[in-house]
**Q** 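Next up is a structure, given as structure tokens.
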Amino acid sequence: ALDGQTGKRFLSASHEITVDRSFIIIQPLQSIADKTYIIPEGTAVVEFPVRLVFSNIQNSENHSIPKDNCIASFDTSKLHFPLIIRNWKKGDYFYPLGMKGRKKLSDFFTDHKIPLPDKKKIWILESGGDIIWVIGLRTDDRYKVTPLTRDVLQINYQAEIIN
């Protein structure tokens with residue numbers, strides 16, 4: 001009878017048990033520190049905390065946007081450097097690509113049925129204080145490539161290396 005128990009957590013000295021819909025998830029405790037990683041303009045590859053490969057595409061008239069959540073394309077003129085990679089925090093919000101209006105990340109995660117333990121492993125990319133990409137999931141509509149875009153920053157998320 002786990003109905004109504006989703007999100008309930010139990011902690012021991014070494015493990016965490018989380019109820020997620022009809023599943024019980026048991027995993028070792030991990031210290032999730034609030035870490036921030038700064039990415040200066042002109043960076044080609046980031047290896048930590050996630051592997052990101054950056055490509056600058058100039059005069060992007062013929063550039064097609066891949067329909068892959070692991071590849072993000074941004075209008076370079078809208079970005080403010082340095083970019084920042086960080087863990088999501090309660091109260092964070094963004095404007096999901098293809099949607100009107102803003103959405104709290106916690107609601108976005110719920111809509112996508114992301115279990116609580118997995119939420120702790122999600123990284124976001126920020127520009128000028130705005131969340132521009134929930135890495136590997138969705139970009140922000142305000143930074144999308146449009147027919148008026150001249151230069152594109154394309155970022156390929158290849159693999160998570162460490163939390």
**Q** In Å, rounded to the nearest 0.5 Å, how long is the span from CD1 of Ile132 to CG of Leu125?
**A** 4.0 Å

**Q** Would Lys119 and Thr110 count as a side chain to side chain contact (heavy atoms under 4.5 Å, CB included) if you check the C-alpha gap in whole Å, the side-chain angles of each, and the deciding distance to 0.1 Å?
**A** CA-CA 10 Å; Lys119 291 177 191 178; Thr110 299; 4.2 Å; yes

**Q** To the nearest 0.5 Å, what is the distance between CZ on Arg142 and CG on Asp75?
**A** 13.5 Å

**Q** Between Lys104 and Asp92 (salt bridge meaning N to carboxylate O under 4.0 Å), is one present in this structure?
**A** no

**Q** Sequence neighbours left out, what passes ring pair (Phe, Tyr, Trp, His ring centres under 6.0 Å) with Tyr95? Give chain and number order.
**A** none

**Q** Quick one: list whatever passes salt bridge (Lys or Arg N to Asp or Glu O under 4.0 Å) with Lys103, sequence neighbours left out.
**A** Asp111

**Q** Please give me the minimum heavy-atom distance between Thr139 and Ala72, naming the atom from each residue.
**A** CG2-CB, 3.5 Å

**Q** By salt bridge (Lys or Arg N to Asp or Glu O under 4.0 Å), which residues pair with Asp141, not counting sequence neighbours?
**A** Lys144

**Q** List for me each residue that meets side-chain hydrogen bond (donor to acceptor under 3.5 Å, both in side chains) alongside Asp68, sequence neighbours excluded, and say none if there are none.
**A** none

**Q** Are Glu41 and Thr43 close enough, and set up right, to give a side chain to side chain contact (heavy atoms under 4.5 Å, CB included), and what steps lead you there?
**A** CA-CA 6 Å; Glu41 190 168 7; Thr43 298; over 6 Å; no

**Q** Could you walk me through whether Val134 and Ile122 satisfy the side chain to side chain contact (heavy atoms under 4.5 Å, CB included) test, starting with their C-alpha distance in whole Å, then the side-chain angles of each, then the deciding distance to 0.1 Å, before giving a yes or no?
**A** CA-CA 7 Å; Val134 180; Ile122 293 175; 3.7 Å; yes

**Q** So which atom in Pro40 and which in Phe81 form the shortest heavy-atom distance, rounded to 0.1 Å?
**A** C-CD2, 4.1 Å

**Q** Roughly how far, to the nearest 0.5 Å, is the CD atom of Glu47 from the CG atom of Leu52?
**A** 9.5 Å

**Q** Start with the C-alpha gap between Tyr93 and Phe108, add the side-chain angles, then the distance that decides, and say whether ring-ring contact (aromatic ring centres under 6.0 Å, His included) holds.
**A** CA-CA 9 Å; Tyr93 65 89; Phe108 177 78; over 10 Å; no

**Q** Would you name the heavy atoms of Pro49 and Trp123 that are closest together and state the gap between them?
**A** CB-CZ2, 3.5 Å

**Q** So which atom in Ile114 and which in Leu137 form the shortest heavy-atom distance, rounded to 0.1 Å?
**A** CD1-CD1, 3.7 Å

**Q** Test your reading of the model: is there a side-chain donor-acceptor pair from Thr76 to the backbone of Asp151, 3.5 Å cut-off?
**A** yes

**Q** Report the distance from atom SG of Cys70 to atom CD1 of Ile155, rounding to the nearest 0.5 Å.
**A** 12.5 Å

**Q** Output the rest of the hydrophobic cluster of Val45: all Ile, Leu, Val, Met, Phe, Trp and Tyr residues reachable through side-chain heavy-atom contacts under 4.5 Å, sorted by chain and number.
**A** Val53

**Q** Would Ile85 and Val50 satisfy side chain to side chain contact (heavy atoms under 4.5 Å, CB included), going step by step from the backbone distance to the final call?
**A** CA-CA 9 Å; Ile85 297 176; Val50 292; 4.3 Å; yes

**Q** Can you sort out the partners of Arg150 under salt bridge (Lys or Arg N to Asp or Glu O under 4.0 Å), two or more places apart, ordered by chain and number?
**A** none

**Q** Would a line drawn from the ring center of Tyr143 to the ring center of Trp133 be shorter than 6.0 Å?
**A** no

**Q** When rounded to the nearest 0.5 angstrom, what distance separates CD1 in Ile57 from CD in Gln154?
**A** 4.5 Å

**Q** Please find the pair of heavy atoms, one from Ile131 and one from Asp140, that lie closest to each other, and give the distance.
**A** O-OD2, 3.1 Å

**Q** At their closest point, which heavy atom of Pro96 faces which heavy atom of Gly101, and how far apart are they?
**A** CD-O, 3.9 Å

**Q** Working to the nearest 0.5 Å, report the span between CZ of Phe54 and CG of Leu83.
**A** 6.0 Å

